Amino acid sequence: MRKKLVAGNWKMHGSLAENAALLAALKPALAGIDAVVCVPFPYLAQAQAELAGSSIAWGAQNVSEQAKGAFTGEVSTSMLLDFGCKYVIVGHSERRSLYGETDQLVASKYVAAQAAGLTPILCVGESLEERESGVTEAVVARQLDAVIAAAGVNSLSKAVVAYEPVWAIGTGKTASPEQAQAVHAFIRGKISALDAGVAEQLVIQYGGSVKAANAAELMAQPDIDGGLIGGASLIASEFVAICRAAAK
Ligand code: PGA
């Protein structure tokens, strides 16, 4: 069986005090359950100090494709490794749409992350307009193809894919389990055509307004292997319930 993995994407939220309370609540409640929290850069040291030795891994929400140098404001893979990161989100739709990250840049970040030994959580997903014009699969395929062209299909054996329909992120409008499953099956099928073994093992998370109340039916879909959780990852009871639903 494929493993299930739930990751929290804290986005630009938190403070030292809020994070301490959240992590203190998560640690005992998630003992024995693999989970990830992707925290803002300044709080990586805190995540490392609080979570070392627990079943919760930590990571970042973005990374530079460059190794080092005159790139003001950027953070490199080796810096993430210095703070014990295991995962890094690449290509989140907010990075793509608000900060102009192209498929090619996202692929470069994915390559850099893997070269450093980090596991990229590669986000893909269509906008509302794209869904309504019937190009969901074409958009997701294009986003995946950029990474496959840069790193090869085998690279996906060391990555996580997160399907996040943009229209479902932070809107309270979750994709129905059937809508999500259809795209997850498309993604797995597309990878399977290139390498069935890689496809079978690939963890494909769903993201977009997942909460405790809808987690169980999403996680029960055959091709949904966990979630990438935004808003609900900031509420300990919600995040714990989602992680437990996935682990069932
Ligand atoms: P949401 O965000 O759970 O708040 O919709 C998901 C994400 O953007 O990763």
Side-chain angles (χ1 to χ4, degrees), residues 4-14 18-19 22 26 30 34-41 43 47 56-63 85-101 106 109-110 113 118-128 130-131 136 139-140 143-144 147 159-177 179-181 183-184 187 203-219 221 224-246:
K4 303 253 183 185
L5 185 68
V6 173
N9 172 10
W10 289 7
K11 308 195 181 185
M12 199 170 74
H13 292 291
E18 286 168 7
N19 307 345
L22 179 54
L26 294 181
L30 292 178
D34 283 332
V36 184
V37 289
C38 294
V39 309
F41 292 131
Y43 299 129
I56 308 173
W58 58 95
Q61 301 165 16
N62 184 24
V63 70
C85 287
K86 212 166 150 192
Y87 293 89
V88 61
I89 298 172
V90 297
H92 190 280
S93 66
E94 288 151 19
R95 301 293 323 166
R96 293 177 189 263
S97 69
L98 302 174
Y99 300 98
E101 294 195 7
V106 172
K109 292 182 177 207
Y110 173 101
L118 293 158
T119 300
I121 300 176
L122 170 70
C123 298
V124 298
E126 80 289 2
S127 66
L128 183 59
E130 289 164 339
R131 172 159 286 259
T136 295
V139 168
V140 169
Q143 292 169 335
L144 287 170
V147 162
V160 169
V161 171
Y163 168 59
E164 297 204 308
V166 178
W167 49 273
I169 295 177
T171 57
K173 255 200 240 164
T174 327
S176 70
Q179 281 175 319
Q181 166 58 26
V183 180
H184 281 236
I187 293 171
V203 170
I204 308 177
Q205 299 175 324
Y206 169 77
S209 297
V210 180
K211 39 188 184 286
N214 59 23
E217 53 174 3
L218 285 162
M219 299 306 153
Q221 299 300 313
I224 299 184
D225 312 311
L228 182 56
I229 319 300
S233 74
L234 300 170
I235 305 165
S237 59
E238 283 283 315
F239 191 62
V240 167
I242 295 165
C243 291
R244 287 190 181 152

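Keep in mind that this is a model prediction, so the values were computed, not measured. First listed ligand is number 1; within each ligand, the first listed atom is number 1. These values consider heavy atoms only, across backbone and side chains, with no hydrogens, waters or symmetry-generated copies.
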Below 4.0 Å from any atom of ligand 1, is there a heavy atom belonging to Gly170? yes
Of the backbone atoms (N, CA, C, O) and the side-chain heavy atoms from C-beta on, which set of Ile169 has a member under 4.0 Å from an atom of ligand 1: side chain, backbone, both, or neither? both
Is ligand 1 less than 4.0 angstrom away from at least one heavy atom of Lys211? no
Atoms in ligand 1 flagged as close to His92, the criterion being non-hydrogen separation under 4.0 Å: 7 (C), 8 (O), 9 (O)
So which protein heavy atom does atom 4 (O) of ligand 1 come closest to, and at what separation? Gly231 N, 2.8 Å
Provide the number and element of each atom of ligand 1 under 4.0 Å from a heavy atom of Ala168. 5 (O)
Between Thr171 and ligand 1, does any nitrogen or oxygen pair lie at a separation below 3.5 Å? no
At a 4.0 Å cut-off, with the gap strictly under it, does some heavy atom of Gly207 reach an atom of ligand 1? no
Mind checking whether Gln221 and His184 have side chains closer than 4.5 Å, heavy atoms only? no
Give me the residue, atom name and distance of the protein heavy atom closest to atom 9 (O) of ligand 1. Glu164 OE2, 2.7 Å
State the atoms of ligand 1, each with its element, that fall below the 4.0 Å cut-off from a heavy-atom position in Lys11. 2 (O), 7 (C), 8 (O)
Under 3.5 Å: donor-acceptor pair, side chain of Gln61, backbone of Cys38: yes
Using the side-chain hydrogen bond (donor to acceptor under 3.5 Å, both in side chains) criterion, which residues pair with Tyr163? Sequence neighbours excluded. Glu126, Arg131
